[in-house]
A.B. asks: 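First, the structure itself, so that you have it in front of you.
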Amino acid sequence: MSNIVVIGAGIAGISSALSLQRSLPHAKITILAEKFSPHLTSDIAAGYWMPYLVSFPQPDLLNRICRDTFEYISSLVKKEDAGAMWQSGYDVSREEREVPHWASLVKGFRRLSQEELDGFGGGYKSGHFFTTLALEPTTYIAYATREFLSKGGMIRQGRVKSLHELTAEFDTIINCSGLGARDLVGDDQVSPIRGQVLRVRAPRVKHFFCDGDYYCLLNSNFVVVGGTHDEGEWDTRVNEETARKIMEENVKRIPELKGAEIISHHVGLRPFRTSLRIEKETIRNAEGRETTVIHNYGHGGSGITLFWGCARRVVELLDIERSHL
Ligand SMILES: Cc1cc2nc3c(=O)[nH]c(=O)nc-3n(C[C@H](O)[C@H](O)[C@H](O)COP(=O)(O)OP(=O)(O)OC[C@H]3O[C@@H](n4cnc5c(N)ncnc54)[C@H](O)[C@@H]3O)c2cc1C
């Protein structure tokens with residue numbers, strides 16, 4: 001029987017564990033993580049399905065990963081405790097932009113007229129209206145964890161210093177350590193893109209809005225107002241001046257936000273990598289014994305957009321027959 005350890009309990013870790021469990025019902029699967037939800041980067045995400053701040057040089061595979069995730073989130077909408085929902089809104093830009101590769105996946109994708117763009121102020125030149133999916137990460141991680149535990153999955157707390165310390169106990173390691181991969185496997189291609197956001201109560205806001213700098217994304221109990229994308233910045237303290245500017249700029253674009261009650265402030269570090277790492281490696285211990293490692297990290301600002309496609313890819317990389325996927 002396979003004895004598999006998944007490092008990381010964020011959206012990448014729990015989903016990889018679940019996907020493996022569904023394909024290998026007899027395997028022993030343990031999630032091993034230093035920290036758990038709701039204290040993770042995954043919990044800070046608004047959870048919108050929209051590729052953003054991610055790099056991957058294989059467009060066909062990336063499209064498949066995006067599609068698999070979109071279809072999976074769509075299947076979760078009917079489960080009331082999974083945190084999935086459809087959301088409609090505006091994605092605008094000050095540049096002329098081509099139709100994105102994912103336009104055919106989302107619903108009702110249409111180009112905005114100049115009159116609609118002018119309605120936001122800000123000198124926008126192009127933009128689209130569409131309906132996409134949102135998956136509230138904290139709710140989903142709790143849902144996925146319940147399923148994982150109910151099917152015999154195990155969870156353990158601990159910090160892993162080196163993959164080699166796991167090779168005596170496990171035959172397969174799935175590395176979903178996000179930004180932690182920088183230390184864990186010495187990967188200096190991984191770096192943070194800091195994001196600061198506010199959660200506010202704004203019941204008059206009915207559509208999401210995003211212009212690449214500022215955004216306003218709806219969850220069921222609050223609206224996430226953002227944000228920053230500070231490359232290479234590790235500071236997780238809330239900057240009050242930044243928070244004030246984020247609110248001010250969003251109110252200029254979405255007047256319904258005016259007077260919104262601030263619930264909380266958050267800062268998260270997006271685990272960016274020069275290329276998303278979803279690949280297999282074999283490591284050897286001092287006695288020459290081989291252990292399979294599948295890396296699944298570096299999702300940047302798209303961890304919720306990619307998580308299920310990546311989790312399926314983990315299974316595929318373990319050479320489990322496609323018919324089981
Ligand atoms: C402000 C903000 C908004 C965002 N909005 C969106 C959005 O709308 N849509 C979207 O798709 N994405 C969004 N993202 C991106 C998304 O949050 C991330 O891509 C995603 O959460 C990464 O998930 P992860 O599981 O890889 O990492 P994490 O959630 O960081 O989990 C990493 C796990 O690994 C564990 N770990 C690390 N190192 C070790 C170690 N050495 N030993 C043991 N355990 C270890 C940690 O304890 C943790 O359990 C947003 C991010 C931010 C900051």
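Both ligands and their constituent atoms are indexed starting at 1 by order of listing.
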A.B. asks: Examine ligand 1 and decide if any of its atoms is less than 4.0 Å from a heavy atom belonging to Cys176.
C.D. replies: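 Cys176: in contact with ligand 1 (<4.0 Å).
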A.B. asks: For atom 19 (O) of ligand 1, grab the closest protein heavy atom and report residue, atom and distance to one decimal in Å.
C.D. replies: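 Result for atom 19 (O) of ligand 1: Gly300 O, 2.7 Å.
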A.B. asks: Quick one: look up the protein heavy atom nearest atom 10 (C) of ligand 1 and list residue, atom name and how far away it is.
C.D. replies: Gly301 O, 3.4 Å
A.B. asks: Side chains of Ser126 and Glu96: donor-acceptor distance under 3.5 Å anywhere?
C.D. replies: no
A.B. asks: Assess, by modelled atom type and distance only, whether the side chains of Arg253 and Tyr215 contain a donor and an acceptor separated by less than 3.5 Å.
C.D. replies: no
A.B. asks: Ignoring hydrogens and angles, state whether a donor on the side chain of His266 or Ser264 is under 3.5 Å from an acceptor on the partner side chain.
C.D. replies: yes
A.B. asks: Any atoms of ligand 1 less than 4.0 Å from a non-hydrogen atom of Arg159? List them with their elements.
C.D. replies: 42 (N), 43 (C)
A.B. asks: Which heavy atom of the protein is the closest neighbour of atom 41 (N) of ligand 1, given with residue, atom name and distance?
C.D. replies: Val160 O, 2.9 Å
A.B. asks: Output yes when a side-chain donor or acceptor of Arg199 lies under 3.5 Å from a complementary backbone atom of Phe222, and no otherwise.
C.D. replies: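 Checking the backbone N and O of Phe222 against the side chain of Arg199, no donor-acceptor pair under 3.5 Å is found.
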A.B. asks: In terms of residue, atom name and distance, what is the protein heavy atom nearest to atom 52 (C) of ligand 1?
C.D. replies: Arg270 CG, 3.7 Å
A.B. asks: Suppose we measure from atom 21 (O) of ligand 1 to each protein heavy atom; which comes out shortest, and what is that distance?
C.D. replies: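 The closest one turns out to be Ser42 OG, 2.9 Å.
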A.B. asks: Would you call Asp235-Arg194 a salt bridge at under 4.0 Å N-O?
C.D. replies: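 Here Asp235 does not pair with Arg194 in a salt bridge, since their nearest N and O are not under 4.0 Å apart.
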A.B. asks: Return yes when Gly226 approaches ligand 1 closer than 4.0 angstrom through a heavy atom, no otherwise.
C.D. replies: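 No, that is not the case, since the closest heavy atom of the residue is not under 4.0 Å from the ligand.
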A.B. asks: Quick one: look up the protein heavy atom nearest atom 17 (O) of ligand 1 and list residue, atom name and how far away it is.
C.D. replies: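 Checked against all protein heavy atoms, atom 17 (O) of ligand 1 sits closest to Ala45 CB, 3.3 Å.
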A.B. asks: Ignoring hydrogens and geometry beyond distance, is a side-chain donor-acceptor pair present between Asp91 and His128 at under 3.5 Å?
C.D. replies: no
A.B. asks: Check Val197 against ligand 1 and report side chain, backbone, both or neither, counting heavy atoms closer than 4.0 Å.
C.D. replies: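 Side chain only.
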A.B. asks: Considering only protein heavy atoms, which is closest to atom 47 (O) of ligand 1, and at what distance to one decimal place?
C.D. replies: Lys35 N, 2.9 Å
A.B. asks: Will you find, in the side chains of Glu147 and Ser150, an N or O donor that is under 3.5 Å from an N or O acceptor?
C.D. replies: no
A.B. asks: What is the closest protein heavy atom to atom 34 (O) of ligand 1, and at what distance does it sit?
C.D. replies: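 Result: Gly8 CA, 3.3 Å.
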A.B. asks: Charged N to carboxylate O under 4.0 angstrom, Arg244 versus Glu248?
C.D. replies: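 Yes, Arg244 and Glu248 are salt-bridged.
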A.B. asks: Quick one: look at Pro137 and ligand 1, take heavy-atom pairs under 4.0 Å, and tell me if it's side chain, backbone, both or neither.
C.D. replies: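 For Pro137, no heavy atom sits under 4.0 Å from ligand 1.
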A.B. asks: Over 60° means perpendicular and under 30° means parallel, so classify the ring planes of Phe130 and Phe109, tilted if in between.
C.D. replies: parallel
